[in-house]
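Before any comments, here is the structure.
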Amino acid sequence: MTQLTLYNTRTRTKEVFTPLDPTNVRAYLCGPTVYDRAHIGNARNVVIFDILIRLLRRLYPKVTYVRNITDIDDKINARAKERGLPIEAVTEGPIRFYHEDMGALYTLPPDIEPRATEHLGEIIDIIQRLIANGHAYVADGHVLFSVASDKDYGKFSGRTPDELIAGARVDVAPYKRDAGDFVLWKPSSPDLPGWSSPWGRGRPGWHIECSAMSWKHLGENFDIHGGGDDLIFPHHENEIAQSCCAFPGSHFANVWVHNRMLLVNGEKMSKSLGNFLVLHDVLKKAPGEAVRFMLMRSHYRSTLDFSDAGLREAKAELDRFYRALEKNQDVPVAAEVPDCVLEPLLDDLNTPGAIAGLHGLADAALAGDATAAGALKAAGQVLGLFNVSPDEWFRGDIPVEAQALAEQRVAARQRKDFAESDRLRDEIAKLGYLIEDGPRGAYTLRKS
RNA sequence: GGUCCGGUGGCAGAGUGGUGAUGUAGCGGACUGCAAAUCCGCGUAUGUGGGUUCGAUUCCCGCCCGGACCUCCA
């Protein structure tokens with residue numbers, strides 16, 4: 001009865017998910033190109049895929065999650081050259097930061113995190129296969145994929161080769177047979193990083209890196225491939241072309257899961273606009289879990305406008321959940337994810353629907369329903385929420401000043417000096433805490 | 001220009017051919033010294049014009065508006 005349906009970009013429909021091998025579900029997510037800090041858009045991508053992986057792990061005994069690191073790239077090269085450093089010195093920091101930032105969002109690390117620099121052998125292997133079976137050609141030191149050789153080219157992204165040529169906005173290199181042909185291998189000048197190959201010293205194109213890494217770790221055919229919808233063309237179209245042509249009879253990924261882009265203040269983030277919201281900066285403004293929650297408050301296939309107001313609402317909702325958990329600390333986690341959360345998730349990862357279920361459980365848990373509290377905790381696990389204790393969420397390390405003011409306020413209230421009591425409450429607020437009074441002088445301090 | 005997606009209450013955001021989730025904000029009440037939290041209650045929404053239907057927010061067509069991809073990008 002637990003059937004997962006996913007929207008498959010390849011077929012443009014929602015389909016019941018059927019693994020190739022139910023004992024090992026294999027999934028690949030296009031990871032970061034490591035020359036800079038991750039931005040909030042990267043985070044949406046990873047958080048959504050994280051929920052999918054957590055859900056799959058509830059449904060199947062084993063899931064192999066591969067997320068690559070693109071550490072060969074022209075921007076990395078440019079930076080290395082600029083600084084006179086080897087590329088490892090350029091990528092090392094961004095890789096570490098990436099792990100830190102994604103960890104702060106409580107996303108699970110992938111089972112395998114391959115790097116392009118470790119897969120030159122597979123890259124060259126695939127290119128050789130493509131040349132051998134007539135899908136690639138050498139020209140002017142480059143190796144190019146011939147789109148005309150692949151009758152299926154363009155089907156995935158829903159384009160015809162004619163449209164691609166008509167829409168081409170870049171100058172077409174003279175050595176290309178077709179305007180749509182793309183680079184598999186390109187020569188490196190002596191001042192740029194390069195690897196030796198049958199076609200001379202050079203470096204791989206971007207698309208071939210993912211084909212090589214998914215092949216190595218998941219095989220010619222695997223279950224799920226994820227990414228942002230801006231990668232549908234050309235990146236994923238090209239991955240499919242390369243992999244399917246290199247391995248005749250294979251179909252590459254079965255299901256393609258693409259998340260919509262995220263906007264910041266109504267505008268798309270892009271390298272050309274330069275309006276990136278760096279995740280590390282966002283994490284200074286709100287707890288990682290609030291950022292994570294904000295990213296799951298809208299469906300992954302609809303546009304999400306990231307805003308401070310949304311972040312505040314996300315925090316407020318989590319506060320309520322944590323209050324419900326705080327009231328039920330000794331209740332054990334339920335074994336099963338409750339239907340009110342599981343069913344929306346099984347329906348193409350309807351996270352807003354799952355959140356509605358969470359609110360229902362929280363209401364019941366606040367009213368003293370221990371079963372609901374246990375279910376709430378189980379639901380949190382599949383969504384990657386409630387990673388800290390209520391005490392840490394609300395208080396963390398309370399500064400001694402705030403604690404001292406709170407004690408003074410208790411005394412003031414006891415002698416009914418309410419003017420002083422209110423003044424002390426304001427003082428505490430200035431320290432970033434709010435105080436809630438309980439019966440008989442009891443109080444609770446919370447981060448505001 | 002080509003291809004594609006969307007327009008739901010103040011805001012955010014689901015679902016559905018038959019009395020429109022959920023959150024947040026707002027309002028009233030209980031509780032509180034006052035608050036906060038909690039509880040109870042209230043209000044307001046399906047861009048527009050047609051069509052199909054007993055009935056459409058949901059299906060179809062036109063229009064208006066917004067967005068994405070076609071170029072590095074998650």
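Chain A is the first sequence line, chain B the second, and so forth, proteins listed ahead of strands; every chain is numbered from 1. Computation of the quantities below employed the complete heavy-atom set of this structure, encompassing side-chain atoms and omitting hydrogens, waters and symmetry-equivalent molecules.
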Exercise. Rounded to the Å, how far apart are A:His299 NE2 and B:rG23 C1'?
Worked result: 18 Å
Problem set entry | Residue-phosphate contact under 4.0 Å: A:Asn45 side-chain N/O, B:rA74 OP1/OP2 | no
For this session: Would you tell me if any nitrogen or oxygen in the side chain of A:Arg312 comes within less than 4.0 Å of OP1 or OP2 on B:rG23?
Result: no
Problem set entry | P-based separation of B:rA56 from B:rU46 [nearest Å] | 15 Å
Exercise. Which nucleotide, B:rU24, B:rC5, B:rA37, lies nearest any side-chain atom of A:Arg260?
Worked result: B:rC5
For this session: Write down the distance separating the P atoms in B:rC60 and B:rG41, rounded off to the nearest Å.
Result: 39 Å
For this session: Write down the distance separating the C1' atoms in B:rG9 and B:rA25, rounded off to the nearest Å.
Result: 12 Å
For this session: Sort out the partner of B:rG6 for me: Watson-Crick or G-U wobble, both distances under 3.5 Å, none otherwise.
Result: B:rC65
Exercise. Under 3.5 Å, is there an N or O donor on one side and an acceptor on the other linking the side chain of A:Glu317 and the base of B:rG23?
Worked result: no
Exercise. Rounded to whole angstroms, how far apart are CZ on A:Phe156 and P on B:rC4?
Worked result: 15 Å
For this session: Determine the Euclidean distance between corresponding P atoms of B:rC39 and B:rU44; express it in Å to zero decimal places.
Result: 23 Å
Exercise. If the P atom of B:rG67 is compared with that of B:rU24, how far apart are they to the nearest Å?
Worked result: 30 Å
For this session: Could you measure between the two P atoms, the one in B:rG43 and the one in B:rA21, and give it in whole Å?
Result: 12 Å
Exercise. Does a donor on one side chain sit under 3.5 Å from an acceptor on the other, for A:His207 and A:Asn238?
Worked result: yes
Exercise. Under 4.0 Å between a Lys/Arg side-chain N and an Asp/Glu carboxylate O for A:Arg425 and A:Glu420?
Worked result: no
Exercise. So what's B:rG1 paired with, Watson-Crick or G-U wobble, going by both distances under 3.5 Å?
Worked result: B:rC70
